[in-house]
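Structure first, commentary second.
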Amino acid sequence: QLQADLAARAKAAFADRTVATNVDNARLEEILTGGRFKTQFETGRSGGMFQPQERALREEQWFGIPTDAAPETRPIYGYLVTGGDGKGIVDVYGGARVVFRDDVRGRTTAQVGDSMEHILTGRPAPVDNPDWYAFTIQYEEPALAKLDRNYDGPAFNKKTYIEAQIHGGVTVDDIAEVIFTSRPTPELVALLRERGIPWRMRRR
């Protein structure tokens, strides 16, 4: 009964949320020029935890991806949008929120909290049909400690997020819009216009 309850709570938490990722403006230019998002296994860098060997091991356990899989075949990491346009911990990954089209959800998995930080308390599951373990049982963090969590409140968004893993590659054609915290350069605006991607500044 507990597992069924947690699965239902995860499904309610994930429902109707858009999938996004944050990058800085310079990296967004690289993505728009190159045509696709690259994994940290390709770039050799990460805005968060860079532990490629450990991540490869976990992706094998979670998704069945071989540890020697080609770097470009691995998931792209992002999050499910919570808290509207407000500031949150995801801003550490960059000031440009790249929002993906709705059909990206069908090939996305997710879990509450950072997957590498909560290895012992949660695990990713399909975003449209999550299992109980995607709820991430965690009693130490106030933002995660209760069953009834306010995912759109500042206590949650300043402390953690709902991590998403997008499978099957992500190209610029998957982008629905970009929301900036700092005004993009004319060159970046030109690239967005060329790709037909709408953009706006984040509401204060």
Side-chain angles (χ1 to χ4, degrees), residues 6-7 9-24 27-28 31 36-43 46-51 55-56 58-65 72-119 121-136 138 141 143-144 149 151-152 156-179:
L6 294 180
R9 290 175 183 273
K11 188 171 185 177
F14 297 172
D16 301 323
R17 295 193 185 276
T18 55
V19 183
T21 194
N22 273 40
V23 297
D24 59 41
R27 183 161 178 239
L28 181 56
I31 292 166
R36 68 179 180 89
F37 290 74
K38 294 183 179 180
T39 70
Q40 65 172 246
F41 294 87
E42 296 177 88
T43 62
S46 172
M49 190 180 299
F50 183 68
Q51 294 180 331
R55 190 173 294 277
R58 299 305 172 185
E59 289 180 351
E60 181 179 47
Q61 294 172 336
W62 298 331
F63 312 125
I65 300 172
E72 66 273 14
T73 64
R74 294 186 173 279
I76 297 297
Y77 286 75
Y79 59 93
L80 302 185
V81 175
T82 58
D85 273 1
K87 293 181 179 180
I89 195 172
V90 294
D91 289 342
V92 302
Y93 297 104
R97 172 182 288 180
V98 182
V99 181
F100 297 115
R101 299 182 185 278
D102 291 341
D103 57 8
V104 168
R105 279 183 60 97
R107 51 190 174 92
T108 299
T109 52
Q111 81 169 80
V112 179
D114 186 284
S115 60
M116 295 293 285
E117 291 183 3
H118 297 289
I119 290 170
T121 56
R123 193 176 74 194
V127 70
D128 285 326
N129 189 30
D131 209 334
W132 67 271
Y133 42 74
F135 181 81
T136 306
Q138 171 57 265
E141 293 186 17
L144 300 181
R149 299 166 178 162
Y151 295 99
D152 292 307
F156 182 85
N157 287 281
K158 288 181 179 179
K159 182 66 176 178
T160 188
Y161 58 104
I162 302 176
E163 185 185 279
Q165 308 85 31
I166 309 164
H167 304 267
V170 182
T171 72
V172 295
D173 292 332
D174 293 314
I175 300 175
E177 69 167 337
V178 180
I179 305 171

Exercise for the section: List the steps and the verdict of side chain to side chain contact (heavy atoms under 4.5 Å, CB included) for R149 and F135. Expected result: CA-CA 10 Å; R149 299 166 178 162; F135 181 81; 3.2 Å; yes
Handout entry: Criterion side chain to side chain contact (heavy atoms under 4.5 Å, CB included) on F14 and L80, from CA distance to verdict
Key = CA-CA 7 Å; F14 297 172; L80 302 185; 3.7 Å; yes
Exercise for the section: Could you go through the side chain to side chain contact (heavy atoms under 4.5 Å, CB included) check for I162 and Q111 one step at a time? Expected result: CA-CA 6 Å; I162 302 176; Q111 81 169 80; over 6 Å; no
Practice task
Show the numbers, then the answer: is there a side chain to side chain contact (heavy atoms under 4.5 Å, CB included) between T109 and V127?
Solution key: CA-CA 5 Å; T109 52; V127 70; over 6 Å; no
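Under the 6.0 Å distance and 45° angle rule, R27 does not count as a cation-pi partner of F37. Judged by a 6.0 Å distance limit and a 45° cone about the ring axis, R55 is positioned over the six-membered ring of Y77.
The two atoms that bring T39 and P75 nearest to each other are CG2-O, 3.7 Å, heavy atoms only. Across all their heavy atoms, V81 and G84 have their closest contact at CG1-O, 4.1 Å. The nearest pair of heavy atoms linking G78 to T21 is CA-OG1, 3.8 Å. Contact detail for A134 and A125: the closest heavy-atom pair is CB-CB, 3.9 Å.
No donor-acceptor contact under 3.5 angstrom links the side chains of H167 and T108, judged on distance only. Using modelled atom types, one finds a donor on one side chain and an acceptor on the other under 3.5 Å when comparing R97 with Y79. Counting only N and O atoms by type, the side chains of Y93 and D24 include no donor and acceptor under 3.5 Å apart. At a cut-off of 3.5 Å, with distance as the only test, a side-chain donor of E163 or Q165 sits close to an acceptor on the other residue.
In D103, the CG atom is crowded: over 12 heavy atoms of neighbouring residues, nucleotides or ligands sit closer than 6.0 Å.
When side chains are defined from C-beta on, L144 does not count as touching K159, because their heavy atoms never get closer than 4.5 Å. Here the side chains of E177 and I179 are in contact, with some heavy-atom distance below 4.5 Å. When side chains are defined from C-beta on, F156 does not count as touching D152, because their heavy atoms never get closer than 4.5 Å. Residues T18 and F100 fail the side-chain proximity criterion, which asks for heavy atoms closer than 4.5 Å. Side-chain contact between E59 and F41 is present, with heavy atoms from C-beta onward closer than 4.5 Å. Under the 4.5 Å side-chain criterion, counting only non-hydrogen atoms from C-beta, T136 is not in contact with S115. Using a 4.5 Å heavy-atom cutoff, the side chains of V170 and V104 are not in contact. In this structure the side chain of I31 reaches within 4.5 angstrom of the side chain of V23, judged on heavy atoms.
The pair D174-R107 meets the salt-bridge criterion, with a side-chain N (NZ, NE, NH1 or NH2) lying under 4.0 Å from an Asp/Glu carboxylate O.
Distance alone, capped at 3.5 Å, places no donor-acceptor pair between the N129 side chain and the P126 backbone. N22 contributes a side-chain N or O that, together with a main-chain N or O of G94, makes up a donor-acceptor pair within less than 3.5 Å. Side chain of D131 to backbone of Y133: no donor-acceptor contact under 3.5 angstrom is found. When atom types are taken as modelled, the side chain of N157 and the backbone of Y151 share a donor-acceptor pair closer than 3.5 angstrom. At least one donor-acceptor pair under 3.5 Å links the side chain of R17 to the backbone N or O of A13. Put simply, the side chain of R101 never gets that close to the backbone of A176: no donor and acceptor are under 3.5 Å apart. The closest donor-acceptor contact from the side chain of R36 to the backbone of E72 lies at 3.5 Å or more, if one exists at all.
Atom CG of D16 and atom CG of D102 lie 9.5 Å apart (nearest 0.5 Å). Rounding to the nearest 0.5 Å gives a distance of 5.0 Å between OG1 of T121 and CD of Q138.
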